[in-house]
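Remember, it's a predicted structure, so these values are computed and weren't measured experimentally. Here is how names work: the chains are called A, B, and so on, in the same order as the sequence lines, proteins then strands, and each is numbered from 1.
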There are 2 protein chains.
Amino acid sequence: MPVPLYQAKAEFFRMLGHPVRIRVLELLQTGPTPVRELLADIEIEPSSLSQQLGQLRRAGLVTATREGSTVVYALAGADVADLLRAARRILTELIQDQGVLLAELRASD
Amino acid sequence: MPVPLYQAKAEFFRMLGHPVRIRVLELLQTGPTPVRELLADIEIEPSSLSQQLGQLRRAGLVTATREGSTVVYALAGADVADLLRAARRILTELIQDQGVLLAELRASD
DNA sequence: TCCTTAGTTGCAAATGTCTTCAAGTCGCCG
DNA sequence: CGGCGACTTGAAGACATTTGCAACTAAGGA
């Protein structure tokens, strides 16, 4: 008996539901990136970033490879990139709409 | 200064990151639905469902309207439906791929 | 070999989220 | 009005996630 689909979905979304993880995934969209660079872009303690990277790794969304003294992360597959692009597009629209909605709500008091 | 986009995204995904909320949203995709019916499809305590519905409401993803003695929920906008469709499609693929991957991993031990 | 830099891991404290139970509101029927 | 069914709300306890410090490993130098 497999994990119900709705539960797999929920887990997946939960994995995306953290600011640091989202930022990492978006940074990786531009190509494989060493930890050092992620660390420079996201202000956070190294150990904390490592924990989040660990989660993404265990979820199979990213891969890590050691290159000399640095570790380089990359998106695990094209699917992941596709999903992120779609999510990004739709969400950007959605949030803009919500912004408009909010503005209307404020205007009508 | 607005909420950073990546944080809004994270919040949004977190909202989708719960099995009950996902199921509710998917049930609502087929049209406005009374609580009674959600309750029949999702096995859960009424008060627990209410809590989750409350979150979806506060997040602006669904709307509630009272009709006589029952309350009917609906998706808040076409955007939400779009996003769910896209998420559903991409995720279904992704999960199938992961399944394949898993099978391969198991086969190669 | 010893030191330093780059990351990761183990934990415990702080925070956040879920579930549940008890109590409350809103319609409706008798 | 009084009571019942359909939901919602508040609050507490259980449970999960996040953070930060300290200890640890791996790779290069000096």
Side-chain angles (χ1 to χ4, degrees), chain A residues 3-4 6-28 32-76, chain B residues 3-4 6-28 32-76:
Chain A
V3 175
Y6 59 81
Q7 192 174 323
K9 286 187 192 176
E11 275 166 29
F12 182 81
F13 284 127
R14 192 145 36 67
M15 185 55 54
L16 299 183
H18 187 288
V20 168
R21 292 193 295 264
I22 282 280
R23 293 186 77 185
V24 166
L25 291 173
E26 299 210 324
L27 288 169
L28 294 187
T33 311
V35 172
R36 177 176 16 83
E37 217 167 293
L38 297 174
L39 216 38
D41 287 343
I42 309 173
E43 75 163 31
I44 187 184
E45 297 251 329
S47 74
S48 199
L49 177 59
S50 245
Q51 298 282 5
Q52 305 302 334
L53 289 174
Q55 290 196 42
L56 291 171
R57 236 163 39 224
R58 268 171 262 122
L61 296 185
V62 305
T63 59
T65 39
R66 175 143 226 146
E67 294 194 359
S69 73
T70 82
V71 177
V72 176
Y73 278 82
L75 294 184
Chain B
V3 176
Y6 59 82
Q7 193 175 323
K9 286 188 191 175
E11 275 166 29
F12 181 82
F13 284 127
R14 193 142 36 67
M15 185 55 54
L16 299 183
H18 188 287
V20 168
R21 292 194 294 264
I22 283 278
R23 293 186 77 183
V24 166
L25 291 174
E26 298 209 327
L27 288 169
L28 294 187
T33 311
V35 172
R36 176 176 17 81
E37 217 167 295
L38 297 175
L39 216 38
D41 287 342
I42 309 172
E43 73 162 31
I44 189 184
E45 299 249 329
S47 72
S48 198
L49 178 59
S50 244
Q51 297 282 4
Q52 304 302 336
L53 289 173
Q55 290 196 44
L56 291 171
R57 236 163 39 224
R58 269 173 262 123
L61 297 185
V62 305
T63 58
T65 39
R66 174 144 228 145
E67 293 193 2
S69 72
T70 82
V71 176
V72 175
Y73 277 84
L75 293 183

A:F12 vs A:L61 side-chain heavy atoms within contact, under 4.5 Å: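 Yes. Closest side-chain heavy atoms under 4.5 Å.
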query: Does the side chain of B:V24 reach to within under 4.5 Å of the side chain of B:T33, using non-hydrogen atoms?
result: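 Side-chain contact under 4.5 Å: no.
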Residue list, side-chain hydrogen bond (donor to acceptor under 3.5 Å, both in side chains) with A:R14, at least two apart or on another chain: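 So A:R14 forms no side-chain hydrogen bond (donor to acceptor under 3.5 Å, both in side chains) with any residue.
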query: How would you list, by chain and number, every residue that makes a side-chain hydrogen bond (donor to acceptor under 3.5 Å, both in side chains) with A:R57, sequence neighbours excluded?
result: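 Result, side-chain hydrogen bond (donor to acceptor under 3.5 Å, both in side chains) vs A:R57: A:Y73.
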message: Tell me the closest heavy-atom pair linking A:L28 and A:A74, and the distance in Å.
response: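 Smallest interatomic distance, heavy atoms only, reads CD1-C, 4.0 Å.
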query: So, for B:A64 and B:V71, which heavy atoms are closest and what is the spacing to 0.1 Å?
result: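 Where B:A64 meets B:V71 most closely, the heavy atoms are CB-CG1, 4.0 Å.
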task: Select base, sugar-phosphate, or nothing to describe what B:E67 touches, counting heavy atoms under 4.0 Å on all strands.
output: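 The residue B:E67 makes no contact with any strand.
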Five-pair end axes of the helix from C:dT1-D:dA30 to C:dG30-D:dC1, angle between them (10°):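 The angle, to the nearest 10 degrees, is 0°.
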message: Return the CG to CD distance between B:L16 and B:E11, rounded to the nearest 0.5 Å.
response: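 Rounded to the nearest 0.5 Å, the CG-CD separation comes to 12.5 Å.
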- prompt: Which distance, rounded to the nearest 0.5 Å, do you find between the CD of B:Q7 and the NE2 of A:H18?
  reply: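 Going from CD on B:Q7 over to NE2 on A:H18, the span is 10.0 Å.
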Taking only N/O atoms, report every protein-nucleotides 7-14 of chain D pair under 3.5 Å with atom names and distance.
residue: D:dC7; atom: OP2; partner: B:R36; partner atom: N; Å: 3.3
residue: D:dT8; atom: OP1; partner: B:Y73; partner atom: OH; Å: 2.7
residue: D:dT8; atom: OP2; partner: B:S50; partner atom: OG; Å: 2.3
residue: D:dT8; atom: O5'; partner: B:S50; partner atom: OG; Å: 3.1
residue: D:dT9; atom: OP2; partner: B:R57; partner atom: NH2; Å: 2.9
residue: D:dG10; atom: O6; partner: B:Q51; partner atom: NE2; Å: 3.1
residue: D:dA11; atom: N6; partner: B:Q51; partner atom: NE2; Å: 3.3

Using the test side-chain contact (heavy atoms from CB on, under 4.5 Å), find all partners of [X] that sit at least two apart in sequence or belong to another chain.
X	result
A:R36	A:P34, A:T70
B:A76	B:T63
B:A10	A:P19, A:I22

Could you go through residues 43-55 of chain A and list every donor-acceptor pair under 3.5 Å that involves a side-chain atom there, pairing it with any protein atom two or more places apart or in another chain?
residue: A:Q52; atom: OE1; partner: A:R21; partner atom: NH1; Å: 2.7
residue: A:Q55; atom: OE1; partner: A:R21; partner atom: NH1; Å: 3.3

field: Leading and trailing nucleotides of DNA chain C with any atom under 4.0 Å from heavy atoms of chain A
entry: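 In short, chain A contacts DNA chain C from C:dA6 to C:dC11.
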task: Please state how far atom CZ in B:R14 lies from atom C1' in D:dA16, giving the value in whole angstrom units.
output: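 Going from CZ in B:R14 over to C1' in D:dA16 covers 13 Å.
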task: Nearest whole angstrom, please: distance from the P of D:dT18 to the CG of A:L56.
output: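 Roughly 11 Å, once rounded to whole Å.
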message: Tell me every residue that passes salt bridge (charged side-chain N to carboxylate O under 4.0 Å, His left out) with A:E26, counting only those two or more places apart in sequence or in another chain.
response: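 In terms of salt bridge (charged side-chain N to carboxylate O under 4.0 Å, His left out), with neighbours along the sequence ignored, A:E26 is linked to A:R88, B:K9.
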message: I need the residues from residues 16-28 of chain A with at least one non-hydrogen atom less than 4.0 Å from DNA chain D; give them sorted by number, or say none.
response: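 Under 4.0 Å from DNA chain D: A:H18, A:R21.
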